[in-house]
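Note sheet for the following structure.
Chain letters run A, B, ... following the sequence lines, proteins first and then strands; every chain starts at 1.
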2 protein chains.
Amino acid sequence: MSEVFEKLSGLDRLVHEPARLAVLTALSVCRKADFMYLLRLTGLTKGNLSTHLTKLEAGGLIRIEKKFVGRKPNTMLALTRKGRTAVEKHWRELDELRASSRDWDPTEE
Amino acid sequence: MSEVFEKLSGLDRLVHEPARLAVLTALSVCRKADFMYLLRLTGLTKGNLSTHLTKLEAGGLIRIEKKFVGRKPNTMLALTRKGRTAVEKHWRELDELRASSRDWDPTEE
DNA sequence: CATACTAGTTTGTATTGCAAACTAGATGCT
DNA sequence: AGCATCTAGTTTGCAATACAAACTAGTATG
């Protein structure tokens with residue numbers, strides 16, 4: 001019954017990491033956002049945001065689209081379908097784990 | 001209004017790390033647990049659990065009590081007051097951040 | 001007495017997360 | 001035109017993880 005804590009301790013770090021959880025959650029609400037927007041939103045440094053995004057792309061959770069707007073470069077980010085399910089699942093899991101830890105009885109098993 | 005994502009990306013890593021979140025949450029429910037119990041509960045390896053516990057103690061979130069039960073060593077873990085507030089705060093923050101990201105309007109600001 | 005078990009800790013390594021330094025092109029100044 | 005500055009990122013270097021395998025100290029067992 002209580003593999004709750006086993007699950008908790010095994011949460012997917014790619015999604016769970018605070019900066020990435022913020023990015024993924026933001027993208028799950030606004031569907032698309034560019035680099036500079038996410039930069040302001042999260043308060044991360046550029047280098048930091050850049051590597052987190054690369055990591056998310058490598059994991060197949062987001063798509064990175066580079067194009068030119070006028071003559072300026074612009075990097076657009078969006079969740080992949082996999083990414084969307086991953087964030088949603090992660091928050092659901094957190095909710096559930098929190099809830100079931102609440103009414104967990106340590107004296108059993 | 002929406003420093004939500006800034007907060008999200010700045011979550012306290014000492015508490016947020018999955019293994020430690022599991023340990024802290026378990027301790028917040030059962031008040032006291034020994035090493036072997038947490039080991040089974042979380043599914044971590046001994047080495048891993050050991051270092052996480054040391055880190056939590058260093059951060060003042062738990063107390064580690066070593067004594068002998070009969071002639072066998074036994075390590076008891078419990079939250080400090082600081083630890084208790086930290087876990088509770090962390091879960092509350094996750095809840096809140098999740099909630100406010102839901103009804104965040106990307107078109108504003 | 002030696003072999004195995006219990007309850008952990010230490011060590012070695014590969015992976016991170018981070019900011020500072022760098023890059024490439026666009027824009028502004030004189 | 002020539003040089004500095006700005007914009008939008010990426011790469012680099014490093015300190016801090018997280019992890020399991022190897023180790024330790026003491027106990028029980030044959």
Side-chain angles (χ1 to χ4, degrees), chain A residues 5-27 32-59 61-78, chain B residues 5-27 32-78 90:
Chain A
F5 297 97
E6 216 158 323
K7 273 192 167 184
L8 236 183
S9 62
L11 285 170
D12 181 1
R13 227 173 287 284
L14 180 60
V15 179
H16 194 62
E17 198 285 324
R20 282 180 314 246
L21 187 57
V23 168
L24 292 172
T25 304
L27 287 176
K32 248 171 181 257
D34 67 10
F35 188 93
M36 294 310 291
Y37 183 69
L38 287 179
L39 190 66
R40 270 147 213 148
L41 202 64
T42 58
L44 298 167
T45 59
K46 290 193 236 176
N48 220 336
L49 177 57
S50 177
T51 45
H52 280 307
L53 292 175
T54 305
K55 214 155 278 187
L56 287 173
E57 189 191 31
L61 302 188
I62 66 169
R63 225 167 332 100
I64 302 185
E65 257 170 78
K66 283 155 200 286
K67 45 179 182 171
F68 278 79
V69 173
R71 348 190 82 198
K72 284 188 182 173
N74 181 264
T75 305
M76 263 300 191
L77 296 319
Chain B
F5 298 97
E6 216 158 322
K7 273 193 167 182
L8 236 183
S9 61
L11 285 170
D12 182 2
R13 231 171 278 287
L14 180 61
V15 179
H16 194 62
E17 199 284 325
R20 280 178 318 242
L21 187 57
V23 168
L24 292 172
T25 303
L27 288 177
K32 248 171 182 257
D34 68 10
F35 188 94
M36 294 311 290
Y37 184 70
L38 287 178
L39 190 66
R40 270 146 212 147
L41 202 65
T42 58
L44 297 167
T45 59
K46 290 194 239 174
N48 219 337
L49 177 57
S50 176
T51 45
H52 280 307
L53 291 176
T54 306
K55 214 156 279 189
L56 286 173
E57 190 191 31
L61 301 188
I62 66 170
R63 225 167 329 103
I64 303 185
E65 256 168 79
K66 286 156 197 286
K67 44 179 184 173
F68 278 79
V69 173
R71 345 189 85 197
K72 283 188 183 175
N74 181 264
T75 304
M76 264 300 194
L77 294 319
H90 198 83

Look at [X] and [N] and indicate whether a side-chain polar atom (N or O) is within less than 4.0 Å of OP1 or OP2.
X       : N      : answer
B/Thr45 : D/dA20 : yes
A/Asn48 : C/dA19 : yes
B/Arg13 : C/dT16 : no
B/His52 : D/dT17 : no

Are the side chain of B/Ser50 and the backbone N or O of B/Lys46 linked by a donor-acceptor pair below 3.5 Å?
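No; zero donor-acceptor contacts below 3.5 Å.
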Closest nucleotide among [options] to the [X] side chain:
X       : options               : value
B/Lys55 : D/dA18, C/dA7, C/dC18 : D/dA18
A/Thr75 : C/dA19, C/dG8, D/dG9  : D/dG9
A/Phe35 : C/dT9, D/dG9, C/dC18  : D/dG9
B/Lys66 : C/dC18, D/dG9, C/dT9  : C/dT9

Starting at CG of B/Leu11 and ending at C1' of C/dG17, how long is that distance when rounded to a whole Å?
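Going from CG in B/Leu11 over to C1' in C/dG17 covers 15 Å.
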Please give, in whole Å, the distance from D/dT10 C1' to A/Glu57 CD?
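Rounded to the whole Å, the gap is 13 Å.
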Looking at B/Glu65 and B/Arg63, is any side-chain nitrogen of the basic one under 4.0 Å from a carboxylate oxygen of the acidic one?
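Salt bridge present between B/Arg63 and B/Glu65.
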Any ion pair linking B/Arg40 and A/Glu6 (charged N to carboxylate O, less than 4.0 Å)?
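No.
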Upstream residue (5' side of DNA chain C) when A/Gly47 and B/Ser50 are each assigned their closest nucleotide:
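The 5'-side residue here is B/Ser50.
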Smallest separation among heavy atoms of B/Leu11 and B/His16, with atom names
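Nearest pair, atom of B/Leu11 first, then B/His16: CD1-CE1, 3.8 Å.
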Any donor-acceptor pair under 3.5 Å joining the side chain of B/Lys46 to the base of C/dA7?
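Result: at least one qualifying N/O pair found.
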